There are 2 protein chains.
Amino acid sequence: MARKDRAAGALRASVTMDDIARLAKVSKPTVSRAFQNSPLVKPQTRQRILEIARQQGYAVNQNASKLRAKRTNSIAVVMHLPAQAPVGAGAPFMFQLLGDVSQGLWIRGQDVLLCAPVSDDVYAYQDLLLSKRADGIIFLGQGAGDGWLRDLGRTDVPFVVWGGVRDAPAYCTVGSDNQRGGVLAGRRFESLGRRDILFLGNTSHLEMRQRRDGLAQGLGEAGSDARIEDLELADFTFETALDAMGRRLARGERMDAIFAGSDTIAMAAITALRAAGLRTPQDVSVIGYNDMPLAAHFEPPLTTIRQDTRHAGTLLVEKLFQLIDGGRPVSTKLPTELIVRAT
Amino acid sequence: MARKDRAAGALRASVTMDDIARLAKVSKPTVSRAFQNSPLVKPQTRQRILEIARQQGYAVNQNASKLRAKRTNSIAVVMHLPAQAPVGAGAPFMFQLLGDVSQGLWIRGQDVLLCAPVSDDVYAYQDLLLSKRADGIIFLGQGAGDGWLRDLGRTDVPFVVWGGVRDAPAYCTVGSDNQRGGVLAGRRFESLGRRDILFLGNTSHLEMRQRRDGLAQGLGEAGSDARIEDLELADFTFETALDAMGRRLARGERMDAIFAGSDTIAMAAITALRAAGLRTPQDVSVIGYNDMPLAAHFEPPLTTIRQDTRHAGTLLVEKLFQLIDGGRPVSTKLPTELIVRAT
DNA sequence: TTGTACGCGTTATCAT
DNA sequence: ATGATAACGCGTACAA
């Protein structure tokens with residue numbers, strides 16, 4: 001009832017800690033301690049203070065608190081959101097990852113500051129810390145070329161990255177074992193006797209390049225003479241992939257296997273093949289990446305590389321806090337698995 | 001070069017405005033004005049101040065700024081993220097919407113505070129404002145039952161909502177014209193002579209209920225004697241829908257048309273029908289909702305209701321700021337269109 | 001267990 | 001066009 005009244009009422013003009021202290025007949029620091037669950041304050045006193053605060057519709061001013069305590073308790077999450085551009089291939093996966101990461105952050109009582117990768121300028125990200133808006137940064141995706149991330153790694157900005165893990169990472173990364181994923185695809189094609197392989201993606205993205213490198217390795221292991229060609233995609237949307245594949249096929253170029261950088265791209269490829277009168281997998285074998293939920297129910301069900309991302313979010317958050325606490329967390333490659341379905 | 005040095009170097013222990021003022025041989029307020037692009041400060045002075053700030057790796061402490069200025073320049077965006085739960089039906093759409101909204105916010109120089117709908121407790125959201133963490137709230141989705149939103153509407157918390165628009169909205173809403181979408185589906189089934197309609201969704205969600213109500217209306221317009229049954233889904237994932245449909249079909253229950261609450265649900269329904277030996281659209285006609293990118297390329301291509309969401313994000317942001325500035329923005333229903341494909 | 005005194009880094013007000 | 005001064009609301013030493 002009391003709550004309902006307050007909820008329905010107007011927000012008073014800035015009730016402060018002083019007001020609560022006065023009403024509770026204690027001093028301001030005691031109120032402060034009560035709100036921090038300090039063991040120093042007698043439970044009874046605490047109760048009374050909190051009750052009065054509720055009645056007054058009071059909440060601790062976080063800006064004052066952050067200013068004083070010199071901690072923001074917020075983490076910036078930087079990712080490419082589907083804005084004006086159509087939503088791309090990794091989108092469902094990235095959305096899931098955002099959810100996991102946020103969850104991990106909320107559990108630790110951190111605010112999540114959502115940011116777009118405005119520029120590759122190191123300064124823009126340093127600014128997040130300098131202006132005391134966040135205590136650390138989580139990058140979801142490296143974008144094309146991670147040179148700026150390597151630069152950022154040389155500063156003392158605490159940050160972790162979801163993306164391709166380098167052999168000697170200049171910054172803490174969590175990502176799928178893309179190379180191994182590629183190897184699995186390569187071996188599969190090899191065992192199917194495929195010779196003319198098309199890689200569908202964009203090798204300026206580290207993750208994609210690693211997948212492609214793995215593909216070459218997996219094919220080469222058996223001393224195969226298979227050829228790999230690349231079709232570089234400007235973005236990773238269904239439409240772009242469909243269009244690029246359609247034009248390639250119209251030019252009469254053929255292949256007997258496709259390794260796609262994502263499931264969405266793989267679906268687009270199969271759609272383009274069908275439009276050109278080519279059958280999957282009889283004429284062209286196709287492997288995707290991610291094992292997105294719809295992959296299993298696509299027609300035909302998609303053969304793909306599954307990455308074990310259950311703990312990716314948690315890992316990223318844990319490592320970031322290790323970093324903030326002065327630790328030196330290591331990068332992690334998540335295991336990868338070939339899911340053979342119909343393509 | 002100077003930038004590179006700074007970027008590579010350590011963050012000095014809290015450079016403050018005082019330091020910059022001293023180095024630039026001006027007073028603190030002048031530095032403050034310089035950073036606010038105040039016309040009061042001579043361009044030349046401004047240049048010098050900013051240059052020195054760069055060199056020193058200085059950025060205005062936002063917490064101090066917010067405390068003093070009593071504005072946070074941040075907006076909370078509250079949405080259900082795909083966390084532990086599998087990613088649901090509306091997910092791609094919601095992700096897109098999040099992107100649009102964030103974009104609109106960033107353009108206005110607002111920080112985006114990402115929040116989960118922790119509870120339906122009005123107080124939790126009031127707290128965001130009381131604790132000065134945000135100036136307003138954007139809710140992406142109403143959840144099951146919007147009573148708490150109606151309560152919140154009685155407070156002076158500035159907020160807007162994406163979701164179902166009521167006839168006499170108790171709060172500012174932007175959403176698809178769900179009722180009309182349902183009518184279009186109903187008329188379509190009517191013209192196809194379908195009689196046993198299944199609605200696949202969850203009517204405790206306002207948007208879904210409006211779609212279902214529209215369906216009934218569209219069917220009834222021609223004096224049809226069609227029957228509508230409901231299959232209530234616990235969540236809107238592909239798997240859940242597939243499972244629920246599978247069990248219903250196993251029980252021998254039949255229908256000759258399905259109106260699904262989303263495209264993902266529609267795809268699951270078609271998959272379940274196929275598994276039961278039923279053909280779409282010969283045996284069962286199916287209509288989805290959203291016209292998600294993959295809908296056109298599903299096999300068979302999905303007939304669906306498209307909502308014009310291009311400006312949804314912009315609209316939400318605009319209306320929220322009208323609210324913050326003391327205005328009374330009206331709710332908006334976005335037009336809706338039947339896209340006839342193969343189902 | 002609680003209170004006193006001070007400063008966190010900024011911006012607003014007023015004066016010059 | 002710029003400077004002096006006083007808050008903004010809180011948390012932390014330190015004292016009691």
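Note that the structure is predicted; figures quoted are calculated from it, not measured. Chain letters run A, B, ... following the sequence lines, proteins first, then strands; residues in each count from 1.
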Taking OP1 and OP2 of [N], is either one under 4.0 Å from a side-chain nitrogen or oxygen of [X]?
X: Ser65(B); N: dT10(C); answer: no
X: Thr30(A); N: dT2(C); answer: no
X: Ser32(A); N: dG11(D); answer: yes
X: Lys132(A); N: dT10(C); answer: no

For atom [atom1] of [X] and atom [atom2] of [N], their distance in whole Å:
X: Lys66(B); N: dC10(D); atom1: NZ; atom2: P; answer: 16 Å
X: Arg22(A); N: dG3(C); atom1: CZ; atom2: P; answer: 14 Å
X: Asn61(B); N: dT10(C); atom1: CG; atom2: P; answer: 6 Å
X: Phe35(A); N: dG11(D); atom1: CZ; atom2: C1'; answer: 14 Å
X: Asp18(A); N: dG3(C); atom1: CG; atom2: P; answer: 12 Å
X: Asn63(A); N: dC10(D); atom1: CG; atom2: C1'; answer: 11 Å
X: Arg133(B); N: dG9(D); atom1: CZ; atom2: P; answer: 18 Å
X: Gln44(B); N: dT2(D); atom1: CD; atom2: P; answer: 9 Å

Less than 3.5 Å between a donor and an acceptor, one on the side chain of [X] and one on the base of [N], is that the case here?
X: Arg33(A); N: dG3(C); answer: yes
X: Arg68(B); N: dT11(C); answer: yes
X: Lys28(B); N: dT10(C); answer: yes

* Can you find a side-chain donor-acceptor pair between Asn63(A) and Arg68(B) that sits under 3.5 Å? -> no
* To do: Kindly compute the distance separating CD1 (Ile52(B)) from CZ (Arg22(B)), expressed to the nearest 0.5 Å.
  => 12.0 Å
* Structure fact -> So CD1 of Ile49(A) and CD of Gln44(A): to nearest 0.5 Å the spacing works out to 11.0 Å
* Structure fact -> Minimal heavy-atom distance between Phe95(A) and Leu81(B), with the atoms involved, is CE1-CD2, 3.4 Å
* Which atoms form the tightest heavy-atom contact between Ser74(B) and Gln110(B), and what is the distance? -> N-OE1, 3.4 Å
* Structure fact -> Closest to the 5' end of DNA chain C, once Ala59(B) and Val41(A) are matched to their nearest nucleotides, is Val41(A)
Using the side-chain heavy atoms of [X], tell me which of these nucleotides is nearest: [options].
X: Pro29(A); options: dA5(C), dG9(C), dG11(D); result: dA5(C)
X: Ser27(B); options: dT2(C), dT2(D), dG9(D); result: dT2(D)
X: Leu40(B); options: dT2(D), dT2(C), dT11(C); result: dT2(D)

* Structure fact -> Nearest-nucleotide check on DNA chain D, Ala64(B) vs Val26(B); residue mapping nearer the 5' end is Val26(B)
